[in-house]
Structures are given as C-alpha cells and as structure tokens.
Asks: 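Pasting in a structure now, in structure tokens, and then I'll have a few things to ask.
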Number of protein chains: 2
Amino acid sequence: MAAHTHPSGRRSTIYSVAQACGVSSSTVSRAFTRPDLVRDDVRERILSTAAAMGYRPNRSARATATGRTAMLGLVVPDITNPFMPPLVRAVQRAAADIGCSVTLMDAEESAGAETQLIGQLHGQVDGLILASPRASSRALAEAIDELPCVLVNRVVKELPSVVCDNSGALAHLGDRLAGHGHRTFALLSGPSASWAAKQRARAIRAWANRKEDAGVSLVELGPFDASYDGGRRAGAALLDTAATAAFAFDDVMACGVLAELDARDVQVPMQRSVVGCDDVLLARMVTPSLTTVAAPMAALGDTAITLLHHRIANPGIAAETVTLSGTPVVRDSTAPPAPPAP
Amino acid sequence: MAAHTHPSGRRSTIYSVAQACGVSSSTVSRAFTRPDLVRDDVRERILSTAAAMGYRPNRSARATATGRTAMLGLVVPDITNPFMPPLVRAVQRAAADIGCSVTLMDAEESAGAETQLIGQLHGQVDGLILASPRASSRALAEAIDELPCVLVNRVVKELPSVVCDNSGALAHLGDRLAGHGHRTFALLSGPSASWAAKQRARAIRAWANRKEDAGVSLVELGPFDASYDGGRRAGAALLDTAATAAFAFDDVMACGVLAELDARDVQVPMQRSVVGCDDVLLARMVTPSLTTVAAPMAALGDTAITLLHHRIANPGIAAETVTLSGTPVVRDSTAPPAPPAP
DNA sequence: CTGAAAGCGCTAACAA
DNA sequence: TTGTTAGCGCTTTCAG
C-alpha cells in the first residue's frame, strides 16, 4: 500500500483536500468538526477524497487554533504498583469516549517528580488526573496552578476528587471474621503519609470500636512500607502478637505477609487469616488467594473523567468530591481461627 | 501563590514576555530554543521575567511551527500484563532524556484496536514504539504508514526493532537443571501467534536437542494462554507427563502452574521444578519465588528510544534490529528432582 | 546579536 | 450552506 502522502511529497492538509474537491478550506474543516454544517453530498465527497488522499487532521494546528489539545494528563506515583494499570486502562477508556487521549506520566515514587511532571504538562493537556499523588497539598496546588484537574484516591481542599471508600467492605469482612470466631485483629498499616492508609486505618479502628462489646480487640502494627518487603516485615510483626486475623494495608503488602508466614511455617488461613485491599490481579494469583476488597476501577476512571470533563467545560466551578465504595471479595486467605492449642 | 496569568487574564506568550522585556518576540523565542543565539544578559533577563510571568511555551503552537510534537506514542497490547509497566517506565525515562513525553495507548488485548490506535496517533506524535504488537505484519505496516516507529519484542520485515533473546539464559537454566539430575523437561508453550512464544520455544527445543546425548528429552505441551488460568491448565497437563521440570512461557503462566501444582498437592521445587520468563515483579512475590530469566527492561527502553530518535532524525534509514539478552535468575522454584519413589 | 515578517495547519467569526 | 479573512503562539528565514 502506497504511503498516503500528497504527490508533492508533503502531507495533505485541508487545503490540498479543498483544492481536490473544489471547495474552500473552511468547508473541509467543517466537514470534519461540524459535519452538520455542510450539505450531505459535499461532506461525503470531502470525506471520501480526504480518506483517499490519506488526510489526517493535524492535532497541533487544531490545538493552536482552538486552545484545546484533546489530551489529558494522567500522573501516577508508581506505574509499577499493580493498582495502577487497571486505573490507567479505565481512565484511558473513559477519555476515549470524550475524544481525548491521555499522556501518562510516572513519577517513579518521587513527590518531587510529581510536581515537576505536572508543570511539564501545562499547555500540553486540557486537564489532569492525579492518582493518589504523594506531593504535599501546597506543592500540588502550586504545580496545578489553574489547570483543570481531579484527584483520585486523595482529597485536598479546593480540589475535586473521586475516592474509594472501603470502610463498608472492610467492616463486612471484619464481621465475617468475627463471626468465624476471631477476636484479636491486627491492623498492618501503610505509609503514614498516605491518604488511603489513613482512611483504611480509620475505617478499621471504627469497626473494631463498634465491636468492642463483642470482645473484639485491635492491635495496631506499623506503619509498614506498601510493598512486598514491607509485608514481610509486617508478617513478622504479626507473629509477635496474639492476633489471629490481620488487615493489611493493601494486596501487595498482604502478599508479603503471606510469604513471611509461609516462610515461618504458619498456615494461612488455618493459623492466621489475612485480608488485603484493592483486589489487584495479584490477589487472585497468590496462594492462598487473597480475601480483599475490590476497588471499582472502571467507575473510578469514568467518574474521574466525567468530573474533569465537566471542569474543563466550566472553569471555576466548585470542587466536589465523589465517593465510590469498594466491595468485599472473599477468597482463601480467611477462615475460622485454629482451635486453641491442646 | 497567585495564578500565573497575564494581568489581562490570558496566559502569557512570547509576545507579552517580549513586551515586558523590551525585546522582540523572536528574541524571546530564541532565548528558549536557541539560547546560544542570544546575548547572555538579554537571555537571562528574558528567562527570569518569563519565569516571573509564569510563561510556558505553548507546545501545540511550537508543534505547528516546527512540525514536531516532541511526543512519542507507546502502544501496548495489554497494560495489565505485569511485563508492561516496567517497560513503560523505561521508555518514558529514556524519552524524557531526549525531551519527549509519551502518550500511552492500551489496546486492551485487541489486535484491531492496535491498528486503530496507531492511526489515531498519526499527526499527534513524532514516532511510535510498539510493544509486542499482536496485529499482523500487513495490518501493522499499513497502520504505521510512514510514521517512524520501532517494535519491541517482535520483528517484522522492514521495521526496526529491539528484541530480547532469552535463549542463552534459558539454556543456562536448562543446564543447571540437567546438572541437578533432571532428564525429562516440559515446554509449556505460549500463544501460537506470539512472536516471543515462538522464539522461546525454539530456544528450548534447540537446547534440548543439544542435550539429547546427555539423556535430556523434551515434551511439548500447549499452546496455553499467557495467563494465570492458562498456567493452571498447563500445570494440569504437566502432571500427565513424566517431566520433572517445566519451562513456562512466562512468569504469569508459571504462577498459574505453581497454583495448580499446589492445589494438587505436588510440591515445588521438591517434586517439580518450574522456570518462568521475564522476571516480572510477581516472580519474586509468589511462593516459592520463581526461577526465571530477567528481561533487560531499562536497556530495552533505552534502545527503543535511541533507535526511534535516530529514525526520526534520519527518515528512510534502513531498518535494523538490535538484540539484547535476558539473564538467568535462580530462585526457589527449581531444585534437584525428587529421588525415585521407593 | 536582534528585529521584521512570513507561515505552520486549522478554526471561527463574519459576510455573502 | 459556503467562502473570506483573521488570527492561534511559535519558529525561522532574511535583513540589518
């Protein structure tokens, strides 16, 4: 198949198409951007000869003219975290629905890089989605500076956001475990700087408090790194307590816990139950598979894009934060506690 | 901190900066793009007042003027595959080094989406990196149509590419296993359409052939899906053979194998050894941790970008394909075979 | 070393 | 419904 270049060797433009069709360039432009404004037969002629000539609208030119790039920025703290890829996919899909593509920026776990990347995105995208950013509120606000944006899984004053509330699901799982007979629970908390870690810890504490009368007690361990190695350490710490069931900050940490317990020959779920959070792919793959709470990825992405889109269209609108709920997923890492040793 | 907008409310441009500095717009332009062409003191004055005014070059305008967007497209077949995030990161980092950002496109495992996305990227990026694309060579060539591009982990005639050759590492691991006393090996092959699957299968076959004299025999199973579930099936199939060691297509499949064997109470590595491929994060996290071959991610990304950069600068240059090597990583999923049953 | 001016490809009033 | 005419913000000859 021949390359779709103008005979002259240059890419075809609305002008070359216009000439070939015997219409003006504006008509060609309209045929693409406001099809309703051009007579049917003309439009079709334009569209087909444009296709034949391999014409592709030049996004940059369009962007300079309109002031809109039709691109959204998505900055993630760590693309390597299994939570992110599904989010990226969800955001991308939703963005496509509103005619936008997304440029992904990975901060490689550095808060500094985050703000720098945001800066870089200015004038390159119409809006920003920040997935659980690590930068301080101040730094964030400064970097964002006027650019429409929405946060995912973090709330910052004055900024719109969509967050996932896991307290219901966590309580449900807690109840279930208590029903199984567990009484002493461990909270393996995540990084103290993490918004999500705070939320989850709070949710679990609240649940445990409510259950105090039922004999439930909670021992708090950590903070631990939200990583496999952090999980190994958390697992070791867990064994120093009387807890028979543990809430890990997230699935990755839970995997570490599983590994550490296995290494010390303590059986899961027979001797200890462990629950993760997020339901990343990994949760299904480890042995035993993880009981966890699934984040509503698609909805998270959709909502973020909807909010952002709205915000781009109506600058200066008030910042709202919408809350979605996680749902409990019971797998093989939870069970009744072992009967007291003989 | 005040928003960095011109008093008039509009974003500042080279013109507003020029005016503020009492120079012409071209000088401001040069101060940013060809600093060497403007006198030191002038340049510094410009740069600092530009900063003070919060000026940011408008990428789109620059792009229309120069014909270069300083953006690269990266299309992946499935961002959810744990192999991809590190690649994305590596590519992005390398791209940043040459002043480009990258827009990520996830084909969600559809070959059709792949070519469509490539089409969408035309006129939006200066070049393309296609990570193990699934689309046919023909479809690919047609969609690419003149856009500079390099493939990763796949070779297609006439197209430059960077690939990872695992044959050396695989042979090394095979030798090691044979040294342990294993004699019957299984090849759990990946999707027949996958270029990588073909390469790996070929490498293992070649190794086994070479070792025939040493009593090594190879049983080929599959093809299986390159997924956890595919791995479960592969694990089941494995147990129907006399093989004591298995090469899985990749780490994800290997995880499935591990799970299936565990479910059937066969111990790894005591009763079976299994080796994966790629060394994704997962490989370290499962129990037992996977012996595998590590892909040189950073080098893969670097090389891809270098090749692409080169190609963008010199259109019409001949397509070269550079080969990098994977390195063996021994972990806990391999060991000597169990002594024959009593 | 700096300025003037043309132009990149497209859109958006405004007329016709 | 279509064409004319200005720009959008930046780069880039070409003069000076």
Side-chain angles (χ1 to χ4, degrees), chain A residues 4-6 8-47 49-50 53-71 99 122-126, chain B residues 4-6 8-47 49-50 53-71 99 122-126:
Chain A
H4 279 139
T5 45
H6 201 70
S8 74
R10 301 168 51 54
R11 233 170 188 308
S12 46
T13 70
I14 42 173
Y15 295 107
S16 49
V17 175
Q19 187 166 25
C21 289
V23 298
S24 81
S25 61
S26 352
T27 305
V28 176
S29 173
R30 288 190 195 102
F32 283 96
T33 52
R34 311 290 315 273
D36 49 304
L37 293 188
V38 26
R39 211 185 340 133
D40 293 22
D41 58 318
V42 182
R43 170 167 24 84
E44 270 158 36
R45 187 155 43 92
I46 293 178
L47 260 30
T49 88
M53 297 175 63
Y55 166 74
R56 321 228 195 212
N58 178 322
R59 312 286 229 103
S60 311
R62 181 176 289 180
T64 41
T66 61
R68 295 216 163 309
T69 58
M71 293 216 295
H122 273 271
Q124 187 169 178
V125 300
D126 295 336
Chain B
H4 280 140
T5 45
H6 201 72
S8 75
R10 300 169 51 54
R11 235 172 185 306
S12 46
T13 69
I14 42 171
Y15 295 106
S16 48
V17 176
Q19 188 167 25
C21 289
V23 298
S24 82
S25 59
S26 346
T27 305
V28 176
S29 174
R30 288 192 194 100
F32 283 96
T33 52
R34 312 288 316 271
D36 49 304
L37 292 189
V38 26
R39 214 192 331 142
D40 293 22
D41 58 318
V42 182
R43 169 164 27 80
E44 270 158 34
R45 186 154 45 93
I46 294 178
L47 260 29
T49 89
M53 298 175 63
Y55 166 75
R56 321 224 193 217
N58 178 323
R59 312 287 230 103
S60 311
R62 181 176 291 181
T64 42
T66 60
R68 297 214 162 309
T69 59
M71 293 216 295
H122 273 271
Q124 187 168 178
V125 300
D126 295 335

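Residue numbers start from 1 in every chain, and the chains themselves are labelled A, B, ... in the order their sequence lines are given, proteins ahead of strands.
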Asks: Between B:Ala61 and A:Ser24, which has a closest nucleotide on DNA chain D that is more 5'?
Replies: A:Ser24

Asks: Only counting residues at least two apart or in another chain, list the ones meeting side chain to side chain contact (heavy atoms under 4.5 Å, CB included) with B:Ala50.
Replies: B:Val17, B:Phe32, B:Tyr55

Asks: Would you mind telling me which of D:dT11, C:dG9, D:dC10 lies closest to the side-chain atoms of A:Thr13?
Replies: C:dG9

Asks: If you look at every strand shown and take non-hydrogen atoms under 4.0 Å, does A:Thr33 touch a base, only sugar-phosphate, or nothing?
Replies: sugar-phosphate

Asks: After noting the C-alpha distance and the side-chain angles of B:Asn58 and B:Arg11, does the key distance pass the side chain to side chain contact (heavy atoms under 4.5 Å, CB included) rule?
Replies: CA-CA 10 Å; B:Asn58 178 323; B:Arg11 235 172 185 306; over 6 Å; no

Asks: What's the CD1-P distance between A:Ile14 and C:dC10, to the nearest Å?
Replies: 5 Å

Asks: Once hydrogens and angles are ignored, does a donor-acceptor distance under 3.5 Å link the base of C:dG9 to the side chain of A:Arg59?
Replies: no

Asks: Within the 4.0 Å heavy-atom criterion, would you say B:Val28 contacts the bases, only the backbone, or no part of the nucleic acid?
Replies: nothing

Asks: State whether the side chain of A:Arg68 and the backbone N or O of A:Asp126 hold a donor-acceptor pair below 3.5 Å, judged by distance alone.
Replies: no

Asks: Which is more 5' along DNA chain D, the nucleotide nearest A:Ala65 or the one nearest A:Ser26? Just name the residue.
Replies: A:Ser26

Asks: How many Å lie between CZ on B:Arg68 and P on D:dT11, as a whole number?
Replies: 14 Å

Asks: Can you tell me if A:Thr64 touches the phosphate of D:dC8, counting only side-chain N or O atoms and a distance under 4.0 Å to OP1 or OP2?
Replies: no

Asks: Find the distance A:Tyr55:OH to C:dG9:C1' and express it as a whole number of Å.
Replies: 8 Å

Asks: With a non-hydrogen cut-off below 4.0 angstrom, is A:Ser29 in contact with a base, only sugar-phosphate, or nothing?
Replies: base

Asks: Between D:dG9, D:dT2, D:dG3, which one does the side chain of B:Asn58 approach most closely?
Replies: D:dG9

Asks: Go through A:Arg56 and B:Gln124 one step at a time and tell me if the side chain to side chain contact (heavy atoms under 4.5 Å, CB included) criterion holds.
Replies: CA-CA 10 Å; A:Arg56 321 228 195 212; B:Gln124 187 168 178; over 6 Å; no

Asks: In this structure, which one of B:Val28, B:Val38, B:Asp36 forms a side chain to side chain contact (heavy atoms under 4.5 Å, CB included) with B:Arg43?
Replies: B:Val38

Asks: Is a donor-acceptor pair below 3.5 Å formed from side chain B:Arg30 to base C:dG3, judging by atom type as modelled?
Replies: yes

Asks: CE of A:Met53 versus C1' of C:dG9: gap in Å, rounded?
Replies: 14 Å

Asks: Atom NE2 of A:His122 and atom P of D:dG9: how far apart are they, to the nearest Å?
Replies: 17 Å

Asks: Base, sugar-phosphate or nothing for B:Arg34? Non-hydrogen atoms, less than 4.0 Å.
Replies: nothing

Asks: Measure CZ/B:Arg62 against C1'/D:dT12 and give the value in whole Å, please.
Replies: 13 Å

Asks: Rounded to whole angstrom units, what separation is found between the CD1 atom of A:Ile46 and the C1' atom of D:dT1?
Replies: 11 Å

Asks: Just wondering, do B:Thr69 and A:Arg59 contact through their side chains at under 4.5 Å, heavy atoms?
Replies: no

Asks: Among D:dC10, C:dG3, C:dT11, find the nucleotide with the atom closest to the side chain of B:Thr27.
Replies: C:dG3

Asks: Return the value, rounded to whole Å, for the distance between atom CG of B:Leu37 and atom C1' of C:dG3.
Replies: 14 Å

Asks: Does D:dG7 have OP1 or OP2 sitting under 4.0 Å from an N or O in the side chain of B:Tyr15?
Replies: no

Asks: A:Ser25 or B:Val42: which one's nearest nucleotide on DNA chain C is closer to the 5' end?
Replies: B:Val42

Asks: Is the phosphate of C:dT2 approached by B:Arg39 (side-chain N or O, under 4.0 Å from OP1 or OP2)?
Replies: yes

